[in-house]
Each structure stands twice: as structure tokens, then as C-alpha cells.
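We number each residue from 1, following the sequence as shown.
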Amino acid sequence: MATTEHSLSPALARRTALAAQGFGRPRPPRVGTRQLNAVVDRLGLLQIDSVNVFERSHYLPAFARLGGYDKSLLDAVTLRSRAPHIEYIAHEAAFVRRDDRPLFQWRMDAFRTKYADAAWELRHSRTARWLLDELAALGPTPASAIEHEENTRTGPWWGWSEVKHTLELLFRFGDVAIAGRERFERRYALPEQVLPGSVLASHIETTDAVRELVRRSIRALGVGTLRDIADYYRLKQAPTLTALRELEDAGEVQPVRVTGWESNGRPLPVWRETNARMPRALRASALLSPFDPVVWERARALRLFGLDYRIEIYTPAPKRVYGYYVLPVLQDDRIVARVDLKSDRKNGVLIVQAAWAEPSADGDSAHRLAALLRETAEWQGLSAIDVRPRGTLARDLASAVSSAT
């Protein structure tokens, strides 16, 4: 199918991307499981991270898009046994629709090929067989509850024990599934203990699975480069390009040119979902998790927002520039600030350890951020906000917070 390449301004591309991610829509008067499921469906996944200094990452995209909600409702659809969402390696470890697990069978096979070699057989096969027998007998079980003579913390995998290490590999292979979490600890199970027969029996050819994941990527992105689209589900670029050409022939995506999106002085190939919303204006106020799809890919965040964003959790404290758990602040279609947040749950205080203004900030940015932080504190069950004097926005933000209390 012949197509005409359209041109988008950077601002329109930015608004298209944000609209595809669910921003710019009226917030519902009440947030229930239907709205939470809709957020996950729109994004395609919720990335998981265990850092809890402010809030665990997977709770934040729904808050950014819907406002305050009861976190136990999200737990019910993600963490409970037989929940409609399960864990697998999508972008990274993430919650995805349970029925979508067959879309990742090719990835399970690739992990098996990568790891299940002679070294695996020599080191892990005996433990793996024993663990599968244990899960068959015990049902869904956390690694900490499985007794074994080798269940000691050694090796390079974050100090994981041999049992934990083997369970994680079996999870990647698809021989083990995750049956929810207790106190955020994974409960491992055999797939037939977690998944319905219809999912277990489903088989999707690799080319069809990749095409569907590319379709979902561009739907979630709105507009993106080949690298953007491939990165969403960690696909290789060659099969992603093949899938994009097929979707282009089907009229589901169209090539576009975005002014300024270049590499070595040449325009980058860009695609837009044909039915993507392209709003003239967009109203939003949100804290973005470091693992939110809007900012998780550095090159895209820089291209869309002029935001050079690096997660500094694993950077030694003396070398951090902005802070430990830094969240970009979205206001309308701009990233105007970044804040390093900590929830002091014992004393009921939301601590702003640092607040930095971005070049796109204006005279109203601090006041709008103060209002968002009050909403955030209420959602977290915290009664006070403490703005520490670090960062280029800290003084104005402290004044805005103080004037509203």
C-alpha cells in the first residue's frame, strides 16, 4: 500500500506520545479495577521494581494517569494468585495480561537456548528437577520456604541462593510461573497451577507474536522510531522493521517525519499509529516513575522532552547529580522538574530530598508541583511535606508548599 509521509512538529509528536500513554484525559470520579485494568491494557505492561523508598514503581503509572486510588485494588489484579495479570519478562520484569503469556513463548525458548547448555546441565539440572517435584507437591511457594542443602546465598546474582537462581531461570524458560506475591516476595508454581488450560494450550508462531507486540508497542507509543518501537518489548530491530512494514501495508501504521528527529544529520525513520490521537493541547500533572514508559528509554526522553535522564539508584551517593529516587515531573506536555522523593512512613512525612527545575519550567511550575505533592502525600497516607533545601527549584517549591498549608 502506497503511503504519503506526513510531517509532525516536535510538540505535536510529544502530545501524540503522551495521549497514547493515557494523558490528557479527564480523571474518573472513582477509580476501580476497571479503570486500573484499562491503564495496564493501554500501556501493555507494568514494569516491576523492588525499590520502596518512595513507592514501588508499578503503583505509580496508574497514579500518574488516574490520580489517587486504593492500592489494594491493583494488588488484587496483579499480586494475588490467579490474578488477571501475571509476571514475565516483557520490557523488563513486568505485569502483563495472563492471556498474553503465549506471546512470549519465543522469548522463553530464547532464554532456554541461551542458558540451558552443558554448564547448565552440570550445575543446575539436579536442582531444577528437585524444585519442579517440590512445586508439584507443595503448590505455589516462595523461594524462602523451600528447604535445600544448597539454599545459601552465593554467586553473582545479587547474592541469590542456588534455589532462587534456579527458580528464576526456570521462570525465564517458562517451566515455572509466578503465582502472585506475598509481602512482595514471588510465589513460584508450575504453569498448570496458575494458568487456565486455554492459555497453556495456546501456541502463537514467533512472527505472529512479534507482529502483535509491535502493534501494541506503536499503540502505546503513539509515534516512535524503530528503536523506540523495538525497545518497548525488547525486540530485535530487524524483525520489528519487518512487522512495521506489514502493519504499514495493512494501514495500521504510517511513516511520518518529525522535525528535528535526526541521526548524523539525517531524518530518523518514524512511524505513527494511524488512529493515534493528535491533540492540539494537553493538560496533565503527574509524577513519572523512573520505569514509566514515557521516560524509561533515555534517547526517546531526550528527543521528546529535552530530558537527559539517568536513574541514579545504583550510583554511589557522592557521584549522584540529582538524587537517589528521582521522578520527572510532567506538566501538560513538558517535563518541568525532577524531584527526589522519600516516604517517611513512621512519621507521616513526604520528604522532597531535592527539587530541580528543568529549562521548560515557568513561574507556575512550583505551585502546580506543590498541589501535586499534596495529592501524592494524601494518596500515600502521609500528613506533611518536608522540602529539603537542595536543588534549583527547592526554594520556590518550599514556599509554594508552605503557602498552601
Side-chain angles (χ1 to χ4, degrees), residues 14-15 18-19 21-31 35-36 39 53-71 74 281-295 301 304-305 307 309 322-345 348-405:
R14 186 166 60 247
R15 292 193 297 273
L18 288 169
Q21 282 284 304
F23 290 101
R25 296 171 179 268
R27 288 183 173 180
R30 178 182 174 276
V31 178
Q35 288 77 18
L36 293 171
V39 167
V53 64
F54 163 56
E55 180 53 274
R56 296 194 193 280
S57 179
H58 69 282
Y59 292 112
L60 294 173
F63 176 63
R65 291 155 178 80
L66 300 174
Y69 68 95
D70 182 348
K71 291 185 292 182
L74 189 60
L282 187 145
R283 187 74 173 172
S285 181
L287 296 170
L288 301 177
S289 159
F291 308 103
D292 192 297
V294 173
V295 293
L304 279 173
F305 302 104
L307 178 73
Y309 184 50
Y322 295 102
Y324 180 75
Y325 199 78
V326 175
L327 294 89
V329 178
L330 176 70
Q331 291 180 359
D332 301 335
D333 66 349
R334 301 167 295 136
I335 301 293
V336 301
R338 43 184 119 191
V339 288
D340 182 15
L341 297 184
K342 178 178 180 179
S343 292
D344 181 352
R345 298 172 181 89
V349 180
L350 177 63
I351 301 174
V352 184
Q353 301 189 107
W356 304 88
E358 290 294 302
S360 57
D362 59 29
D364 197 36
S365 294
H367 291 280
R368 290 183 64 183
L369 177 54
L372 176 59
L373 291 174
R374 288 192 295 275
E375 180 186 0
T376 303
E378 181 179 357
W379 176 58
Q380 288 286 293
L382 306 173
S383 57
I385 302 171
D386 177 14
V387 181
R388 303 285 170 83
R390 180 168 183 259
T392 54
L393 191 62
R395 178 181 294 180
D396 288 347
L397 180 59
S399 176
V401 168
S402 177
S403 65
T405 56

Which residues satisfy the side chain to side chain donor-acceptor pair (under 3.5 Å) test with Lys342, sequence neighbours excluded? none

Listed partners of Tyr69 passing side chain to side chain donor-acceptor pair (under 3.5 Å), at least two apart: none

Name all residues meeting the side-chain contact (heavy atoms from CB on, under 4.5 Å) criterion together with Gln35; count only those two or more places apart in sequence or in a different chain, and write none if there are none.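 If we apply the side-chain contact (heavy atoms from CB on, under 4.5 Å) test to Gln35, skipping adjacent residues, the hits are Pro28, Val31, Leu66.
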
Say you draw a straight line from [atom1] of [X] to [atom2] of [Y]; how long is it, rounded to the nearest 0.5 Å?
X      : Y      : atom1 : atom2 : answer
Leu304 : Arg15  : CG    : CZ    : 12.0 Å
Glu358 : Phe305 : CD    : CZ    : 11.0 Å
Leu18  : Arg283 : CG    : CZ    : 14.0 Å
Leu287 : Glu375 : CG    : CD    : 9.0 Å
Leu397 : Thr392 : CG    : OG1   : 10.5 Å
Leu74  : Leu36  : CG    : CG    : 5.5 Å

Testing Asp344, Val401, Leu382 for side chain to side chain contact (heavy atoms under 4.5 Å, CB included) with Leu350, which one passes? Leu382

Give a yes or no answer on whether the side chain of [X] reaches the backbone of [Y] with a donor-acceptor pair at less than 3.5 Å.
X      : Y      : result
Arg334 : Ser360 : yes
Ser402 : Ala398 : no
Trp379 : Phe63  : no
Thr376 : Leu372 : yes
Ser343 : Arg345 : no
Gln331 : Ser365 : yes

Take Arg390 and Asp340 through the salt bridge (charged side-chain N to carboxylate O under 4.0 Å, His left out) test and state the conclusion after the steps. CA-CA 10 Å; Arg390 180 168 183 259; Asp340 182 15; 5.2 Å; no

Minimal non-hydrogen separation, Gln380 against Glu55, with atom names: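 It is NE2-OE2, 2.9 Å.
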
Are more than 12 heavy atoms, taken from residues, nucleotides or ligands other than Arg395, located less than 6.0 Å from that residue's CZ atom?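 No - once you tally the heavy atoms of other residues, nucleotides and ligands closer than 6.0 Å, there are 12 at most.
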
State plainly whether the residues Asp292 and Arg65 are in salt-bridge range, i.e. N to O under 4.0 Å.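 Answer for the salt bridge query: yes.
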
